[in-house]
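Take a look at the structure set out below.
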Amino acid sequence: MNFDTIVIGKGLIGSAAAKYLSKSGEQVAVIGPDEPANLEEGTVFSSHYDQARIQRILGTDAIWTLLNQQSAAAYPSLQKDSDITFHTPVGCLYVNPHGTDFYLEQIEGLAREFDTSYRLFEDGTSLNSAFPDFNFPASSKGIFEDAPAGFINPRLLIKAQMKVFQKNNGTIINEVAQEIIHGNESITIITKEGNTFNSKKVLVCAGAFTNCFNLLQEKLAFKLKSETIILAKVCKEEAIRLGKLPSLLYEIDTPEIQNIYLIQPIEYPDGAWYCKLGANIPEDIHFDTLEDLQNWFRTSDNDMNLDKLKRGLMKLMPGIAIEKLTTKKCIITRTKHGKPYIGSLGKKGLFVAAGGNGYGAMSSDALGRIAAHLLIQNSFPKEYDEKDFLPIAHPQPLPEGTKAPSQPFPEGEGIIL
């Protein structure tokens, strides 16, 4: 089958890019498997297999803030066009229990630049008074962002993007792309299922699996990290009681646990209600091979981290009535410069949009729009600089003039796969 453009990967960024590409009137297809019913039988996996991801507006810098703001601004029309509600604007609370930090110090300037309001809390006493279901130490400092901050349902967000994509005559191919072959006139994609598809342009949005199989001849500098989350099952009455809680980013930094994020209890596909908590822990691992990635999602035992995460939850929310705790697996795809890679990969017609750095869900609509604009217009939207998203090949250093993140991974270090 022949298309004008093919998107590989129908996760959060890929589904958004496909939707925007489909508005061009060209023949567009997206190739990617559905969420596997049984993880042990999956080939590729994604972190969007979940019901809740945090949405905030004020990001870690001006670029992330603009991405978040544009994404949230697109939600109302996307929900209307798809008739799917995926956004819950309950607000987002950011707290550092150790006091001020770089993020809090720059908030005033970012809020002014992007005309976004927030409420500042100078200590734990004021935070606990405003949010009595949380327990913050006296040394805490934080901010609260009202709507449209809150949380999104990533499964439903993708479903909404794909519904609009199909309305625009887009084609969904539920297969696994495994090889890209460059011809004189077109690019050929061969899937695991043995089918062949041809296209003038290809956008690779394969997330943590971008370097896998034979998709890219020149691998990109990614660092892939595991993350374990816990789902705390509560009764429906407890979920209703906690239903006004904002999403929480809790910048705790202890030897046992760091960087907690938490979302109020919501209903999951099994009909039960779960409060979600994720965090960085010393036991997190990094992945070096495709087999490592697949084993993490298929068979690895992350229940060993359950007690540690439970202690973090109970210290933060001592009054929550938990019926049961379970763990889930997530993965973070980090790039060399701390922004997603969006750009051409040197081969004619081949592009990439991947690497959320832990922020991809809340900004995915805007990231997909940027990628689609690049493929259609051969340029970035005027408000963005392509240098900020430049794909970095492994093991090349950062280009001159490119700003590194606060904690870039060491020079030359990256995942080849």
Side-chain angles (χ1 to χ4, degrees), residues 35-40 42 45-55 84-93 95 128 131-136 150-159 226-250 252 256-281 283-284 296-332 358 361-362:
E35 177 178 348
N38 183 350
L39 288 177
E40 293 184 4
F45 307 87
S46 179
S47 295
H48 71 250
Y49 305 156
D50 195 10
Q51 296 295 102
R53 284 298 172 92
I54 285 178
Q55 178 71 53
I84 296 172
T85 300
F86 56 82
H87 177 216
T88 305
V90 292
C92 182
L93 180 64
V95 176
N128 292 330
F131 307 97
D133 291 299
F134 292 133
N135 176 41
F136 300 116
F151 63 88
I152 53 177
N153 183 319
R155 285 181 172 125
L156 292 182
L157 172 53
I158 291 173
K159 186 177 180 180
S226 69
E227 188 155 313
T228 300
I229 66 173
I230 57 170
L231 296 178
K233 182 180 179 182
V234 300
C235 67
K236 186 174 182 179
E237 291 72 23
E238 180 74 341
I240 293 172
R241 182 182 75 82
L242 298 172
K244 293 184 179 181
L245 281 183
S247 298
L248 174 67
L249 294 163
Y250 189 46
I252 191 170
E256 187 172 61
I257 190 169
Q258 302 87 36
N259 314 113
I260 287 174
Y261 65 94
L262 181 143
I263 298 173
Q264 63 169 260
I266 59 172
E267 189 174 10
Y268 273 66
D270 64 357
W273 295 77
Y274 297 93
C275 177
K276 172 186 172 182
L277 179 144
N280 292 320
I281 54 177
E283 292 79 9
D284 287 338
W296 165 250
F297 281 101
R298 287 173 178 168
T299 60
S300 64
D301 178 15
N302 56 344
D303 283 349
M304 66 181 72
N305 301 317
L306 192 151
D307 288 342
K308 176 181 292 192
L309 295 171
K310 178 184 178 181
R311 287 193 295 272
L313 174 60
M314 296 308 299
K315 188 172 183 179
L316 183 57
M317 296 184 68
I320 189 171
I322 299 173
E323 295 183 346
K324 182 182 178 182
L325 284 169
T326 57
T327 61
K328 283 179 66 70
K329 300 165 187 174
C330 186
I331 192 166
I332 295 176
M362 70 180 83

Should R53 and C330 count as side-chain neighbours, where that means a heavy-atom distance under 4.5 Å? yes
Applying side-chain contact (heavy atoms from CB on, under 4.5 Å), run through E323 and C235 and close with a yes or a no. CA-CA 7 Å; E323 295 183 346; C235 67; 3.4 Å; yes
When rounded to the nearest 0.5 angstrom, what is the spacing between CD in E283 and NZ in K308? 3.0 Å
How long is the gap from CG on N135 to NZ on K315, to the nearest 0.5 Å? 8.5 Å
Any chance you could lay out the side-chain contact (heavy atoms from CB on, under 4.5 Å) test for L316 and F136, step after step, and finish with the verdict? CA-CA 7 Å; L316 183 57; F136 300 116; 3.7 Å; yes
Steps toward side-chain contact (heavy atoms from CB on, under 4.5 Å) verdict (M317, L262): CA-CA 10 Å; M317 296 184 68; L262 181 143; 3.7 Å; yes
Minimum heavy-atom separation for D270 and A272, please, with both atom names. OD1-N, 2.9 Å
To the closest 0.5 Å, what do you measure between OG1 (T228) and CG (L309)? 6.5 Å
Okay, side chain of K159, backbone of F86: is any donor-acceptor separation there less than 3.5 Å? no
Would you find more than 12 non-hydrogen atoms of other residues, nucleotides or ligands less than 6.0 Å from K310 atom NZ? no
Do E238 and C275 come within less than 4.5 Å of each other through their side chains, counting heavy atoms only? no
Closest heavy-atom pair, A279 versus I260, reported as atoms and distance to 0.1 Å, is CB-CG1, 3.9 Å
Looking at every non-hydrogen atom in both residues, tell me the closest pair between I229 and G278 and how far apart they are. CG2-CA, 3.7 Å
Electrostatic pair R241-D133, nearest N-O below 4.0 angstrom: yes
Does D50 reach the side chain of Y268, with side-chain heavy atoms less than 4.5 Å apart? yes
Heavy-atom side-chain contact between K276 and F151 under 4.5 Å: no
Taking atom NZ of K244 and atom CZ of F131, what is their separation to the nearest 0.5 Å? 12.5 Å
How close do V234 and A239 get, counting heavy atoms only, and between which atoms? CG2-N, 3.9 Å
Do N153 and I84 have side chains that get closer than 4.5 Å, going by heavy atoms? no
dist I322:CD1 -> M314:CE (nearest 0.5 Å) comes out at 5.0 Å
All heavy atoms of S247 vs all of G150, minimum pair found to be OG-O, 2.7 Å
If you compare all heavy atoms of G358 against all heavy atoms of I332, which two are closest, and at what distance to 0.1 Å? N-CG2, 3.7 Å
Applying side-chain contact (heavy atoms from CB on, under 4.5 Å), run through K233 and T326 and close with a yes or a no. CA-CA 8 Å; K233 182 180 179 182; T326 57; over 6 Å; no
Are any of the side-chain heavy atoms of R311 and I257 separated by less than 4.5 Å? no
Heavy-atom side-chain contact between V95 and F134 under 4.5 Å: no
Spatial distance of atom CD (Q264) from atom CG (L248) [nearest 0.5 Å]: 12.0 Å
Classify the ring geometry between F297 and F45 as parallel (under 30°), tilted (30 to 60°) or perpendicular (over 60°). parallel
Check: Q51 and P269 side chains under 4.5 Å, non-hydrogen atoms: yes
Does S226 have any side chain to side chain contact (heavy atoms under 4.5 Å, CB included) partners at least two apart in sequence or in another chain, and if so, which? D284, I285, F287, W296
